**Student:** 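The structure is given below, and queries will be raised subsequently.
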Amino acid sequence: MSISFYNTLTRKTEEFIPMNEGEVRMYSCGPTVYDYFHIGNARSFVMSDIVRRYFEFRGYRVTYVMNITDIDDKIIKRANEQGVPSSEIAETYTEAFLHDSARFGIRPADVFPRATETMDEIIAHIQGLIEKGAAYNVNGDVFFRVSAFKEYGKLSRKNIEELEVGARIEADTRKENPVDFALWKSAKPGEPSWDSPWGKGRPGWHMECSVMSQKFLGETFDIHAGGNDLIFPHHENEIAQSEALTEKTFARYWMHFGFLNIDNEKMSKSLGNFFTAREIVEKFPAEVIRFYYLQTHYRSPLNFTHEGLDAAKTGLQKLQGLYDALREASGGTGPFDVKHFEQRFITAMDDDFNTPAGFGVLFEMVREANSILHGSGGMEEGSREALIDFLRRSCIGLFGILREESGGGATGELVGGLMDLLIGIRADARKEKQYALSDRIRDGLKELGVVLEDSRDGTKWKLSNE
RNA sequence: GGCGACGUACCCAAGUGGCUAAGGGGACGCUCUGCAAAAGCGUUAUUCAUCGGUUCGAAUCCGAUCGUCGCCUCCA
């Protein structure tokens, strides 16, 4: 049994065979830090993180690198608008990126290389391309000579001739060919710049990713991931400028994440349907948003709706409910075959990280487990522990969608004490059949956002907004 | 114009040649409960945008049509 997934390079689902057995070297395109990232970015970051975690779940050792583009036209533009140094913009939003990622439950990469800290390697790479005849300097701007790389277009399936006649390429008379792209941009007055053999300037956008990935993962590595829109030109250009120099395969497998739309339209500031990750995570727990993302396959477009999030929230409560109940339960007699479900779960996930199919298995498991757990015999101790262990590994370690502390556990001693008192009073009232009083307590608490659930073992409470 | 993706129930969404078309949400009925909630059980697609074709067999392959969307040098 092995993991297979769709490789954009071959347009086929392929069995994953790592360069080094048991090891995955993976690079994911990170943010350009000129603004808060939005819920579409968040989807890509979450899915990329899930891919990394699934490899770990399956026993691989993963080296995961995500770049931070901290010098770029957009950063300079934002800096000029606000009248501050571009380094300040970059710092502010790098910090915001790390903070918001953490709130989304996205695990930090092993390395977060930054473009400004990789300048020597970038310059050396460009120098190498010039020496090979694959790049040329025009008064301090260095361009990649696309005609020097015969395989240009192999990722995006475009051919150079068609690109040349494309109307959207701006004529730049300095270029030998309109499809050539910038590796090094000469500094305009007032722009941040670094010294280079071609004068002061800064790297082109595509350049940094090639260099940063190879710096930490080697000239050839296993997986390169990013949003769908990066296939062309970004990833195409990365391949060209990398392979033209090394004459080796750059990334062996390419993964691309589907876009997130809102009301079936692309999210954009001009349409007014733009949401940052930090504003949405104020309204919904990160676990709910993650679960919502995971219910759609990573390559499919995801239409983001408020109703969808509500539905995800309800669905997730079912999973959390089982997890909570399992931990509170005591030994019983009913056996439960966790292994069977875990096997089916792995089969689903091994097939192109099919998280929706994985949840299909998980929810079938939830139903059967609840049925045994709440049944007359309860669940046998070994099965219960095995199931808790599987839920921990799958829904916490892998997906990050369940909480260890749910319900009122995290609200503090005073609230806990008050709740015990109220529940005690209500229990006495119920014993005396004073249902008007007991319902008054339950209804009143409900209005305050506290839900009571009576069971054979007593009354449990939880907060309704979780 | 070029390249590509998609259309499965009321909503979301797996399935891509062969057992009864997963799963979640919603709705309705039932069990449990003092009543609820939670949980369970049952019902909710003889049919997969439409029309043809290939095949013993098609949601799945091929063709056409309709519709939606993405990329084609800012983009996750």
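Remember, it's a predicted structure, so these values are computed and weren't measured experimentally. Convention: sequence-line order gives letters A, B, ...; per-chain numbering from 1. When reading the values below, keep in mind they use all heavy atoms of this one structure, side chains included, and skip hydrogens, waters and symmetry mates.
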**Student:** Judged by modelled atom types alone, do A/D70 and A/Y93 share a side-chain donor-acceptor pair under 3.5 Å?
**Tutor:**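 Side chains of A/D70 and A/Y93: no pair found under 3.5 Å.
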**Student:** Test for a donor-acceptor pair under 3.5 Å between the base of B/rG34 and the side chain of A/D439, counting only N and O atoms.
**Tutor:** yes
**Student:** Tell me whether the side-chain N or O atoms of A/R43 pair up with the base of B/rA76 as donor and acceptor below 3.5 Å, since no angle test is needed here.
**Tutor:** no
**Student:** Could you tell me the Watson-Crick or G-U partner of B/rC6, where both distances fall under 3.5 Å? Say none if there is no partner.
**Tutor:**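 Check on B/rC6: paired to B/rG67, both distances under 3.5 Å.
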**Student:** Return the stacking result for B/rA76 and A/F37: yes when the ring centres lie under 5.5 Å apart and the planes under 30°, no otherwise.
**Tutor:** no
**Student:** Between A/S156 and A/I39, name the one whose nearest nucleotide on RNA chain B is closer to the 5' end.
**Tutor:** A/S156
**Student:** RNA chain B: A/P233 or A/S438, which has the more 5' nearest nucleotide?
**Tutor:**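 With A/P233 and A/S438 compared, the 5'-side residue is A/S438.
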**Student:** Between B/rA14 and A/T296, is there an OP1 or OP2 to side-chain N/O distance shorter than 4.0 Å?
**Tutor:** no
**Student:** How about A/Q82: does its CD atom have over 12 heavy atoms from other parts shown lying under 6.0 Å from it?
**Tutor:** yes
**Student:** For the ring pair A/F390 and A/F345, is the centre-to-centre distance below 6.0 Å?
**Tutor:**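 Yes.
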**Student:** Should B/rA58 form a Watson-Crick or G-U wobble pair with both distances under 3.5 Å, which nucleotide is its partner?
**Tutor:** none
**Student:** Determine whether the aromatic ring centres of residues A/F16 and A/F5 are separated by less than 6.0 angstrom.
**Tutor:** yes
**Student:** Any stacking of A/Y435 on B/rG34, going by centres under 5.5 angstrom and planes within less than 30 degrees?
**Tutor:** yes
**Student:** So what does A/R78 touch, heavy atoms closer than 4.0 Å: a base, only the sugar-phosphate, or nothing?
**Tutor:** nothing
**Student:** Is B/rU20 paired to anything, Watson-Crick or G-U wobble with both distances less than 3.5 Å, and if yes, which nucleotide?
**Tutor:**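 Pairing partner: none.
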**Student:** Hunt down the Watson-Crick or G-U wobble partner of B/rU44, both distances under 3.5 Å, from any strand shown, or write none.
**Tutor:**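 Per the H-bond distance test, B/rG26.
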